[in-house]
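Scroll down for the structure; my scribbles are underneath it.
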Amino acid sequence: MAFTGFGADLRAADLPVPEPGPGEVLVRVLTSSVNGFDLGVLGGYLQGVYAYEFPVVLGKDFAGTVAAVGADVTGLTPGDGVFGVVMRPTLGQGGFAEYVAVSERYGLARIPDGLDPLRAGVLGLAGTAALDAVDAVAPAPGETVLISGATGGVGAFAVQLAAARGARVIATARPGAEAAFVTALGATWAVDRTDLPARVRAIAPGGVDAVLHLAGDGPALTALLADGGRLASTLHYVPEESGRDIKATAVMADPDPATLARLAADAVEGRLRVPVARSYPLAEAPRALDDFTAGAVGKLAVTI
């Protein structure tokens, strides 16, 4: 599923099978997923950041089997199950395809026994972003962490990772199904985004210890931090100097093999739930993007 130029729609395209270069493996893709990055690519918002090599195939995530290996590949052979994040230097190849060529050394890990390709195919980018964000604020047991954007893919992982460290998690969610979703993942409180400051202050009058800014208004969320608080933003928001003692980190997901392997092991051992809300066949990828934009809860998979 590719688009041929800025402003063009995402459509099925018959493209040549990529050739794996030195240090690369060719993956026969079984599953990918929708991430906010894909919307940025399709919308043309990453011009100047990445070179677009049209036609551009969407999809950062992938899970499948090694179909072929390039020169200098020593750790993988055809038939091995792998998953990860497409980390090519340009935009062109992606996971919404039957095949993708990726580096053996970065953005790639083996699928362990007990992890099916469906869950592996939605884990890489969102799981890494969540882990990096939680690591950035390093919540201690008993501290209060506000997660804005808790019902999305990154947020669903972040709620679990923060709660596993003993943090008390305030998760943004609408009353009803969304609130039940985040509390089942380990959130202590679910708060509606409507009048969020008042709702958070009722729980933490002196401010929260940490904020994960995955969605919402950065300045408003920063105002809810206690002095000495920490903020991590996957939207690259960093507060202006205000004289307050606040540590802010702009998070860029770093899917190194060790991180991917850790996430996979946590999923296999039951420490990390991989919340696949719905799966779409490849031809319905545009519909998956629309549902993501509308505010899907959890991860949306695309199966090839």
Side-chain angles (χ1 to χ4, degrees), residues 1-18 24 26-27 29-64 83-103 106-108 121-130 132-133 149 152-155 157 213-215 233-237 250-255 260 278-296 298-304:
M1 298 297 293
F3 64 107
T4 56
F6 298 118
D9 292 334
L10 187 68
R11 298 183 183 278
D14 187 8
L15 303 176
V17 175
E24 292 186 337
L26 180 68
V27 178
V29 183
L30 298 175
T31 310
S32 184
S33 83
V34 180
N35 291 287
F37 186 90
D38 300 312
L39 298 179
V41 172
L42 183 60
Y45 302 118
L46 300 183
Q47 296 180 64
V49 180
Y50 294 93
Y52 283 69
E53 296 180 345
F54 293 110
V56 172
V57 180
L58 283 192
K60 286 289 279 183
D61 284 321
F62 65 89
F83 80 104
V85 183
V86 179
M87 297 298 289
R88 302 186 65 83
T90 59
L91 299 174
Q93 294 189 49
F96 289 8
E98 292 178 303
Y99 294 94
V100 64
V102 297
S103 171
Y106 183 55
L108 183 72
V122 307
L123 180 59
L125 185 59
T128 298
D132 289 349
V154 178
F157 290 126
H213 174 221
L214 314 178
S233 174
T234 59
L235 303 180
H236 301 172
Y237 167 75
V251 173
M252 177 72 75
D254 181 16
L260 294 172
R278 187 171 179 181
S279 177
Y280 302 75
L282 181 61
E284 294 183 14
R287 182 179 177 186
L289 292 172
D290 288 342
D291 289 349
F292 180 92
T293 304
K299 288 293 297 178
L300 302 181
V302 175
T303 56
I304 291 80

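These values consider heavy atoms only, across backbone and side chains, with no hydrogens, waters or symmetry-generated copies.
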- Task: Report yes if some heavy atom in the side chain of Tyr99 is under 4.5 Å from a heavy atom in the side chain of Val29; otherwise report no.
- Result: no
- Query: Should Ser103 and Met87 count as side-chain neighbours, where that means a heavy-atom distance under 4.5 Å?
  - Reply: no
- Heavy atoms of Met252 and Asp132 approach each other most closely as O-OD2, 3.9 Å
- Side-chain heavy atoms of Val85 within contact of Tyr106, under 4.5 Å: no
- Candidate pair Asp61 and Ser33, rule side-chain hydrogen bond (donor to acceptor under 3.5 Å, both in side chains), full reasoning: CA-CA 6 Å; Asp61 284 321; Ser33 83; 2.6 Å; yes
- Message: With side-chain contact (heavy atoms from CB on, under 4.5 Å) as the criterion, how do Leu30 and Ile304 come out once you've worked through the C-alpha distance, each side chain's angles and the decisive distance to 0.1 Å?
- Response: CA-CA 5 Å; Leu30 298 175; Ile304 291 80; over 6 Å; no
- Can you tell me if OH on Tyr45 sees more than 12 non-hydrogen neighbours from other groups inside 6.0 Å? no
- Query: Would you call Asp291 and Arg278 a salt bridge, taking side-chain N to carboxylate O under 4.0 Å as the test?
  - Reply: yes
- Query: What's the spacing between Leu46 CG and Phe37 CZ if we round to 0.5 Å?
  - Reply: 5.0 Å
- Separation between CG (Asp38) and CG (Leu42), nearest 0.5 Å, reads 8.5 Å
- Message: Checking side-chain contact (heavy atoms from CB on, under 4.5 Å) between Val41 and each of Val49, Leu91, Val57, Asn35, which is the one that passes?
- Response: Leu91
- Looking only at heavy atoms, which two atoms of Gln47 and Tyr52 are closest? And how far apart? N-CE1, 3.7 Å
- Message: Just so I know, are the side chains of Thr303 and Leu282 near enough to count as touching, which here means a heavy-atom distance under 4.5 Å?
- Response: no
- Task: Please report the closest heavy-atom contact between Ser32 and Gly95, naming both atoms and the distance.
- Result: CB-O, 3.6 Å
- For Pro89 and Tyr50 the tightest heavy-atom approach is O-CD2, 3.8 Å
- Message: So Gln93 and Glu53, do their side chains get closer than 4.5 Å, heavy atoms only?
- Response: no
- Which value, rounded to the nearest 0.5 Å, describes the distance between Lys299 atom NZ and Ser279 atom OG? 12.5 Å
- Query: What's the spacing between Leu260 CG and Leu125 CG if we round to 0.5 Å?
  - Reply: 10.0 Å
- side-chain contact (heavy atoms from CB on, under 4.5 Å) evaluation trace for His213 with Thr234: CA-CA 6 Å; His213 174 221; Thr234 59; over 6 Å; no
- Query: With a 4.5 Å heavy-atom cut-off, do Arg11 and Pro286 have their side chains touching?
  - Reply: no
- Task: Could you note down all residue pairs passing salt bridge (charged side-chain N to carboxylate O under 4.0 Å, His left out) where residues 88-98 supplies at least one of them, sequence neighbours left out?
- Result: Glu24-Arg88
- Begin from the C-alpha positions of Leu300 and Phe292 and carry the test side-chain contact (heavy atoms from CB on, under 4.5 Å) through to its verdict. CA-CA 7 Å; Leu300 302 181; Phe292 180 92; 3.9 Å; yes
- Query: Quick one: are Phe96 and Val302 in side-chain contact, heavy atoms under 4.5 Å?
  - Reply: yes
- Task: Side-chain contact test, heavy atoms from C-beta onward, threshold under 4.5 Å: evaluate it for Leu58 versus Phe3 and give yes or no.
- Result: yes
- When every non-hydrogen atom of Ala97 is compared with those of Gly94, the smallest separation belongs to CB-O, 3.7 Å
- Task: Grab the two heavy atoms, one from Phe157 and one from Ala130, that are nearest each other, plus how far apart they are.
- Result: CB-CB, 3.5 Å
- Query: Is the side chain of Lys60 donor-acceptor paired with the backbone N or O of Val86 at a distance under 3.5 Å, no angle test?
  - Reply: yes
